[in-house]
Amino acid sequence: MSAILRAAAAPPGRVLINEEELRARVGELGASLARDYARDNPVLVGVLKGALVFMADLVRAMPIALTIDFIALSSYAGGTRSSGVVKLAADLSMPIEDRHVVIVEDIIDTGRTVSYLKRNLETRHPRSVRLCALLDKIERRDVDVEIDYLGFTIPNLFVVGYGLDHVGLYRNLPYIAALDSATSA
Ligand code: IMP
Ligand code: MG
């Protein structure tokens with residue numbers, strides 16, 4: 001087996017948030033969003049690729065009329081440190097003018113990615129823009145960000161699973177794990 005396949009098959013580290021905890025919290029977030037946006041037909045904008053799994057579970061916990069779209073941003077050069085540079089890699093598929101927008105993010109780290117995205121979306125004149133993030137690594141914040149709907153606050157560890165990756169791997173783990181011997185500091 002190649003080194004990369006061996007690495008992906010082995011447990012990457014300590015489980016931080018298990019499947020049951022994820023299911024319960026994502027259910028609660030979905031219920032809050034469904035209550036707040038019941039009559040708004042909001043557009044949920046998932047930030048690819050990390051928010052894919054969270055978004056899939058979140059929308060299924062929201063029994064209301066809603067629309068989904070995706071945007072791809074990249075702020076990481078492939079390691080565990082932010083490059084600080086955010087690029088728009090793929091845009092939304094439709095206009096958001098006059099729509100209620102909810103950004104769905106996997107994790108807020110330095111805050112650079114999501115503040116860039118918020119500013120970018122505001123220029124398109126949506127009716128409102130709020131942020132729903134699964135994880136908040138608050139110790140690492142460089143840029144102030146208001147998180148309207150938050151799953152969990154986590155310590156300064158590099159985490160993988162449930163959509164989050166390390167060099168492209170581990171997105172398919174059904175839980176969140178702290179990657180061994182890697183902090184994001
Ligand atoms: P920020 O711009 O520093 O807030 O970085 C946010 C983006 O970096 C997230 O959307 C993730 O894609 C990625 N990221 C930050 N921390 C982690 C982590 O611990 N594991 C995996 N990806 C991370
Ligand atoms: Mg991301």
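Along the sequence shown, residues carry numbers from 1. Every number for a ligand or one of its atoms is a count from 1 in the order of the listing. For the numbers below, each heavy atom of this structure counts, side chains included, while hydrogens, waters and symmetry mates do not. This is a predicted model, so every value here is computed, not measured.
No single ILVMFWY cluster, assembled from side-chain heavy atoms under 4.5 Å apart, contains both Leu52 and Leu66. In the hydrophobic clustering of ILVMFWY residues, with side-chain heavy atoms under 4.5 Å counting as a link, Leu117 and Val143 come out apart.
In the vicinity of Lys137, heavy-atom distances shorter than 4.0 Å reach the ligand 1 atoms 16 (N), 17 (C), 18 (C), 19 (O). Interface atoms of ligand 1 facing Glu105, defined by a heavy-atom separation under 4.0 Å, are 10 (O). Residue Thr110 has at least one heavy-atom neighbour below 4.0 Å for each of these atoms of ligand 1: 1 (P), 2 (O), 3 (O), 4 (O). Taking every non-hydrogen atom of Leu157 and a distance limit under 4.0 Å, the qualifying atoms of ligand 1 come out as 19 (O).
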Let me have the donor-acceptor pairs involving side chains of residues 12-19, under 3.5 Å, with sequence neighbours excluded, atom names and distances please.
| residue | atom | partner | partner atom | Å |
| --- | --- | --- | --- | --- |
| Asn18 | OD1 | Glu20 | N | 3.1 |
| Asn18 | OD1 | Glu21 | N | 2.8 |

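With respect to the salt-bridge test (charged N to carboxylate O, under 4.0 angstrom), the residues Asp106 and Lys49 do not qualify. For the pair Asp91 and Arg124, the salt-bridge criterion is met [side-chain N within less than 4.0 Å of a carboxylate O].
For the pair Phe158 and ligand 1, the shortest N or O to N or O distance does not fall below 3.5 Å.
Using a non-hydrogen distance threshold of 4.0 Å, Gly111 registers as a contact of ligand 1. Taking 4.0 Å as the cut-off, Asp165 counts as a neighbour of ligand 1 on heavy-atom distance.
Of the heavy atoms in His166, none comes closer than 4.0 Å to ligand 1. Proximity of Val114 to ligand 1, defined as any heavy-atom pair under 4.0 Å, is not found for any part of the residue. When heavy-atom distances to ligand 1 are checked against a 4.0 Å cut-off, Asp109 comes that close through both its backbone and its side chain. The residue Arg140 has no part lying near ligand 1, judged by heavy-atom distances below 4.0 Å.
Which of Leu73, Ile108, Ile107 comes nearest to atom 11 (C) of ligand 1 through a heavy atom is settled by distance: it is Ile107.
No side-chain heavy atom of Leu169 sits less than 4.5 Å from a side-chain heavy atom of Val160. Pro42 places none of its side-chain heavy atoms less than 4.5 Å from the side chain of Asp36. When side chains are defined from C-beta on, Arg25 does not count as touching Leu134, because their heavy atoms never get closer than 4.5 Å.
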